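Note that the numbering runs from 1 along the sequence shown for the chain. Keep in mind that the numbers below use all heavy atoms, side chains included, and drop hydrogens, waters and symmetry copies. Since we're looking at a predicted model, the values are computed, not measured.
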Amino acid sequence: MTGRPPTGGGGPDAPTGCPVAHGGADGPTRLYGLAAASDPLGIYARLRKEHGPVAPVLLEGDVPAWLVLGYRENRRVLDNPLQFSRDSRIWRDWKEGRVEETSPLIQMLGWRPDCVSQDGEPHRRLRAAVTDNLHVASGRGIRRHVTHFANKQIDAFADAGGADLVAQYAEYLPMLVLTRLFGLPEGEGRRLAESCAQVIKGGAEALEHNERIMEILGELAERKREEPGPDFATGLLEHHAALDGDELVQHLRLVLITAHTTTSNLLARVLEKVLTDTSRLSGLVSGQLNISSVVEEVMWNTPPLAVLPGRFATADLELGGHRVREGDLLVLGLAAGNLDPEIRPDVGVSVHGNQSHLAFSGGPHECPGQNIGQAIIETAVDVLLHRLPGLRLAVEPEELTSTASTWESRLDRLPVEFAA
């Protein structure tokens, strides 16, 4: 995509089918900023009450979009790429000059030569390179890598008798594992984790951090051409899909950002769930409870990506009682869909054994790295519980807070105590 001057996101003369025209007297709700950061679930509930399963919203820069709130409507969008394309080159607000190339949204929504930006045969060719090599990576002792880095992280605070398991454990552990899988130096892990978080968060620094990621991965690609090894980067280089230079680096970026940010968020939420329920904690320590059941519950109630970018209508159509126009942007409310009262009238009912949540997306673009994320989380929790006797939450559960961006809600801190 190339930059064009913005000309505004809509106004009183906006077409009746666009999100801006359906926002009510006060206009559409912003999914970014201070108000959205504190109570995203409250916003989803209000929008559902006011608009039904699809609602008009504004993304960063007041760019209009439809937020899909209903579970069935999310499934329809995810399962029908002919109606709802992942190719943002048909995005009307972009084509008509209302979104600049420097917008933070481009890091999440802009077209790239990667598998998530395309449908049909181009998508299948590129996705095969990713899925084949993730499968190989999952069989190369990933739990051993997690155990190594988990112990290394814990060694840094084990004698202190206390720690913040977000800042000192969950925020960096998945990236350290990924550096090993990618063939990157371990020392790049912290910088990459910080940059990935900023790209997802958005804001003025998102573009700069994306450029830092691309520079590191570009250097990795060049090095692996000269020095191939048993790693994910080399696997992409040698795959029969024959990725070109841009495709290679963009897929390294795609997997690095999505795998780290979703797994670190999910790990923090799983630890929160375990430590705020003493029966779960004792069940895990005694071996009577399997961590996978806790992960499953978190997937339903606080998925690592609350909102998934993005799909683009390929024609005028109806969705959730609203007229969506060709080229409209839709963002998928995974958290809202999982809590849809049409399918979960009582969220207190156990979801054990039910894997039909939206946390991994769905359809042709469903997340291909689920097994790796699960292995990282299960091993990370197991090592932590065995290394830290007497592990317990250091504050009352109601003191724990989260901060949301458009795309995710992250736990701010998880202070714990244990026997030093």
Side-chain angles (χ1 to χ4, degrees), residues 1 9-10 15-22 28 31 44 47-48 51-59 63-96 98-99 105-127 130 254 258 303 305-338 340 342-343 356-368 406-407:
M1 286 184 166
T16 58
C18 87
V20 170
H22 286 210
L31 277 194
Y44 306 152
L47 289 172
R48 196 193 307 273
H51 300 282
V54 178
V57 294
L58 294 173
L59 307 183
V63 174
W66 296 105
L67 174 62
V68 186
L69 299 159
Y71 180 90
R72 294 181 181 88
E73 288 74 16
N74 269 287
R75 283 292 183 193
R76 176 184 166 188
V77 174
L78 291 168
D79 292 339
N80 289 280
L82 292 180
Q83 289 184 316
F84 304 98
S85 174
R86 190 59 183 86
D87 190 336
S88 63
R89 291 174 293 188
I90 67 172
W91 182 14
R92 192 176 62 260
D93 284 296
W94 168 260
K95 290 169 66 176
E96 296 180 1
R98 289 186 283 272
V99 182
L105 292 179
I106 295 301
Q107 306 312 317
M108 302 297 291
L109 294 165
W111 188 89
R112 289 182 168 81
D114 61 27
C115 59
V116 300
S117 293
Q118 302 178 67
D119 299 302
E121 184 53 38
H123 166 258
R124 287 188 286 272
R125 177 182 75 87
L126 296 171
R127 184 179 169 94
V130 174
L254 169 67
T258 55
L305 271 185
V307 177
L308 178 71
R311 298 294 189 273
F312 306 89
T314 61
D316 293 354
L317 50 86
E318 184 275 336
L319 182 69
H322 295 273
R323 184 165 66 88
V324 177
R325 291 180 58 208
E326 180 180 349
D328 275 0
L329 163 64
L330 302 97
V331 292
L332 301 166
L334 306 184
N338 280 348
D340 185 349
E342 290 290 322
I343 65 153
S356 58
H357 55 74
L358 298 169
F360 289 127
S361 178
H365 291 277
E366 183 174 351
C367 173
T406 299
W407 315 110

Report task. Could you tell me the separation between the NE2 atom of H365 and the OG atom of S117, rounded to the nearest 0.5 Å? Result -> 8.5 Å

Report summary line: Sorted by chain and residue number, the side-chain contact (heavy atoms from CB on, under 4.5 Å) partners of P303 (sequence neighbours excluded) come out as A335, N338, A359

Report summary line: Quick note, salt bridge (charged side-chain N to carboxylate O under 4.0 Å, His left out) partners involving residues 105-126, not counting sequence neighbours, are E121-R124, R125-E247

Report task. Quick one: pull up CG in L308 and CG in L358 and give me the separation to the nearest 0.5 Å. Result -> 9.5 Å

Query raised in the report: So F312 and E326, side-chain contact (heavy atoms from CB on, under 4.5 Å) or not? Walk me through it.
Result: CA-CA 8 Å; F312 306 89; E326 180 180 349; over 6 Å; no

Report summary line: side-chain contact (heavy atoms from CB on, under 4.5 Å) with W111: of I90, V116, D87, only one passes, and it is D87

Query raised in the report: Taking the side chain as C-beta and beyond, is there a heavy-atom pair between L109 and W94 under 4.5 Å?
Result: no

**Report entry** From OG (S361) to CG (L332), nearest 0.5 Å
**Finding:** 7.0 Å

Query raised in the report: With E366, which residues qualify under side-chain contact (heavy atoms from CB on, under 4.5 Å), at least two apart?
Result: F360, Q370

Requested in this report: Please identify each residue that fulfils side-chain hydrogen bond (donor to acceptor under 3.5 Å, both in side chains) with Y44, with sequence neighbours left out.
Outcome: none

Report task. Please report the closest heavy-atom contact between T406 and L31, naming both atoms and the distance. Result -> OG1-O, 2.9 Å

Query - L254 to T258 - nearest heavy-atom pair and separation - result: O-OG1, 2.6 Å

Requested in this report: List for me each residue that meets salt bridge (charged side-chain N to carboxylate O under 4.0 Å, His left out) alongside R48, sequence neighbours excluded, and say none if there are none.
Outcome: D340

Query raised in the report: Do the side chain of H322 and the main chain of H51 share a donor and acceptor less than 3.5 angstrom apart?
Result: yes

Query raised in the report: Has the side chain of T314 got a donor or acceptor atom that lies under 3.5 Å from a matching backbone atom of L82?
Result: yes

Report summary line: Here the pair of heavy atoms bringing E318 nearest to R76 is O-NH1, 2.8 Å

Query raised in the report: For L330 and A313, which heavy atoms make the closest approach, and how far apart are they?
Result: CD1-N, 3.9 Å

Query raised in the report: G337 and N74: which non-hydrogen atoms are nearest, and at how many Å?
Result: CA-ND2, 4.1 Å

Requested in this report: Mind checking side-chain contact (heavy atoms from CB on, under 4.5 Å) for P368 and listing every partner two or more places apart, or none if nothing turns up?
Outcome: R127, V130, T131, L134

Query raised in the report: Between P309 and W407, what is the shortest heavy-atom contact and its length?
Result: CB-CZ3, 3.5 Å

Query raised in the report: When rounded to the nearest 0.5 angstrom, what is the spacing between CG in N80 and CZ in R75?
Result: 12.0 Å

Query raised in the report: Name the one of R311, R92, R323 that satisfies side chain to side chain donor-acceptor pair (under 3.5 Å) with D328?
Result: R92

Query raised in the report: Step by step, would you call V63 with W91 a side-chain contact (heavy atoms from CB on, under 4.5 Å)?
Result: CA-CA 11 Å; V63 174; W91 182 14; 3.7 Å; yes

Query raised in the report: If we only count heavy atoms from C-beta on, is the L329 to D93 side-chain gap below 4.5 Å?
Result: no

